[in-house]
Number of protein chains: 2
Amino acid sequence: MSNRKRQLSRCICTGTSLDRMLRPAILTVLRDCRRGLHGYGIEQRLEEFQFCRRSSPDFTGLYRLLKKMEAEGLLRSAKNPSDTGPAKRIYSMTVRGKQCLTRWRISLLNYRDMLDDLLDRMKSNEFEEGQ
Amino acid sequence: MSNRKRQLSRCICTGTSLDRMLRPAILTVLRDCRRGLHGYGIEQRLEEFQFCRRSSPDFTGLYRLLKKMEAEGLLRSAKNPSDTGPAKRIYSMTVRGKQCLTRWRISLLNYRDMLDDLLDRMKSNEFEEGQ
DNA sequence: CATTACTATTAGATCATGTCTAATAGAAAG
DNA sequence: CTTTCTATTAGACATGATCTAATAGTAATG
């Protein structure tokens, strides 16, 4: 009902809706790890990425995305038979996944241009911001 | 257009899921237009923004977002009584909307840093590494 | 007058993504 | 035996983007 009470600290302007980097980041991690990795390992690598610094990537979403990307033909997976312990599913990239990563880079470069354009427009009228 | 297996040209790596700029862009447009604007007018201004160049902003989503942002206290609106023609709803910013815009700028600057970090990692490792 | 284009808004549906809780289960360490 | 770490899955819900469709007045053209 009354959303008016919502504080700025919980507002979307804090950037909570922005992260859209998981797909290209997964592809990057797997490109740099030829032997493949299971979900848990991918998650650990992702923690080094700056966009994961404010909070670890959500593992539920990550595992689900891995399955989806496999269904899309970007990844392949195999059960790891030699391991003891719970079944791990080892993911690695397909050729199509590599093409996809290349395309992602172009898209993200374009995206950065759009972002710069917006940031430029946002600051252009700052003189009226007094207290 | 048929429902074939999704080609690279329709893959998400083209960047179709990236746009998350509508909220700060609306705030920017309204900041630069003191008298307020109705949805249709906002949409026309948005077309100048680079992130809208590849396609016009979706008007359904825009109108819905305007209502939502009003409910959140970022915008206020009033019916335009003097006009002939269909009822226009004139939106303008609240004080809170201005604070929100300021915060958005910080968030987007941080976001750009994350993007740069990811882009750097994407290009960094195209050779083989010893295990 | 009829048609078309433009202005202006709303509703419903679906999809992509993010995030929360919860559950399961083996292994290693104390 | 209990805790912690490793490893995965499921369900639910929220946000946001985008598609179709519908409505309705106004203005210009023929």
Side-chain angles (χ1 to χ4, degrees), chain A residues 3 6 10-26 36-47 51-52 54-72 74 77-80 82-91 104 107 111 114, chain B residues 1 3 6 10-26 36-47 51-52 54-72 77-80 82-91 111 114:
Chain A
N3 283 344
R6 186 160 71 175
R10 303 207 49 201
C11 181
I12 298 163
C13 66
T14 54
T16 52
S17 72
L18 287 175
D19 291 354
R20 280 293 191 278
M21 301 186 186
L22 203 49
R23 279 175 171 267
I26 287 169
L37 269 175
H38 54 292
Y40 194 87
I42 292 171
E43 204 193 356
Q44 289 182 314
R45 303 282 179 107
L46 286 176
E47 277 168 18
F51 80 95
C52 291
R54 84 175 141 201
S55 65
S56 292
D58 181 77
F59 50 85
T60 305
L62 174 61
Y63 283 113
R64 225 170 354 215
L65 186 51
L66 288 171
K67 284 191 175 178
K68 195 174 187 194
M69 289 170 75
E70 185 178 15
E72 289 167 0
L74 306 174
S77 77
K79 284 178 191 161
N80 194 341
S82 66
D83 260 6
T84 56
K88 297 178 185 177
R89 188 163 285 277
I90 305 295
Y91 286 93
W104 263 114
S107 297
Y111 188 58
M114 296 173 195
Chain B
M1 308 183 194
N3 256 347
R6 187 158 65 175
R10 304 214 51 197
C11 180
I12 298 162
C13 66
T14 52
T16 52
S17 72
L18 288 176
D19 290 353
R20 280 293 192 278
M21 302 184 186
L22 203 49
R23 278 173 169 269
I26 287 169
L37 269 175
H38 56 292
Y40 195 86
I42 293 171
E43 204 193 357
Q44 290 182 314
R45 303 282 180 107
L46 286 174
E47 277 169 17
F51 80 94
C52 291
R54 86 176 138 199
S55 65
S56 293
D58 181 77
F59 50 86
T60 304
L62 174 61
Y63 283 112
R64 229 175 346 223
L65 186 50
L66 288 172
K67 283 190 176 180
K68 196 173 185 193
M69 290 170 75
E70 185 179 14
E72 289 167 1
S77 76
K79 284 177 190 162
N80 193 340
S82 67
D83 259 7
T84 55
K88 297 178 185 176
R89 187 163 284 276
I90 304 295
Y91 286 93
Y111 188 58
M114 296 174 194

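The sequence lines fix the lettering, A, B, ..., with proteins before strands; numbering per chain opens at 1. A quick note: this is a predicted structure, and the numbers were derived from the prediction, not measured.
In this structure, CZ of A:F51 is placed 10 Å from P of C:dT19, rounded to the nearest angstrom. A straight line from NE2 of A:H38 to P of D:dC5 spans 16 Å, rounded to a whole angstrom. If you take CG of B:L22 and P of D:dT15, they are 16 Å apart, rounded to a whole angstrom. Per the geometry, CG belonging to B:L37 stands 15 Å off C1' belonging to C:dT9, to the nearest Å. At whole-Å resolution of the value, CD in B:E43 and P in C:dT10 are 13 Å apart. As rounded to whole Å, 10 Å separates atom P of C:dT10 from atom CD of B:E70. Protein atom OH of B:Y40 is 16 Å distant from nucleotide atom C1' of C:dT10, rounded to whole Å. Atom NZ of B:K88 is separated from atom P of C:dT7 by 10 Å (rounded to the nearest Å).
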Practice item. Please test B:D58 against B:L22 for side chain to side chain contact (heavy atoms under 4.5 Å, CB included), starting from the C-alpha separation and ending with a verdict. Key: CA-CA 10 Å; B:D58 181 77; B:L22 203 49; over 6 Å; no
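Side chain of B:Y111 to main chain of A:F51: no donor-acceptor pair is present (N/O by atom type, distance under 3.5 Å, no hydrogens or angles).
Here NZ of B:K88 is found 10.0 Å from CG of B:L37. Values are rounded to the nearest 0.5 Å. A:E43 CD to A:C52 SG: the interatomic distance, rounded to the nearest 0.5 Å, is 8.5 Å.
In terms of phosphate contacts, B:R89 brings no side-chain nitrogen or oxygen within less than 4.0 Å of OP1 or OP2 of C:dT9. Taking only side-chain nitrogens and oxygens, A:K68 comes nearer than 4.0 Å to OP1 or OP2 of C:dA16.
For the segment residues 57-67 of chain B, the set of residues with a heavy atom within less than 4.0 Å of an atom of DNA chain C comprises B:F59, B:T60, B:Y63, B:R64, B:K67, in numerical order.
In this structure, B:K79 and B:R89 have side chains that are in contact, with non-hydrogen atoms separated by less than 4.5 Å.
Contact between A:L66 and A:G39 at its shortest, heavy atoms only, is CD1-CA, 3.8 Å.
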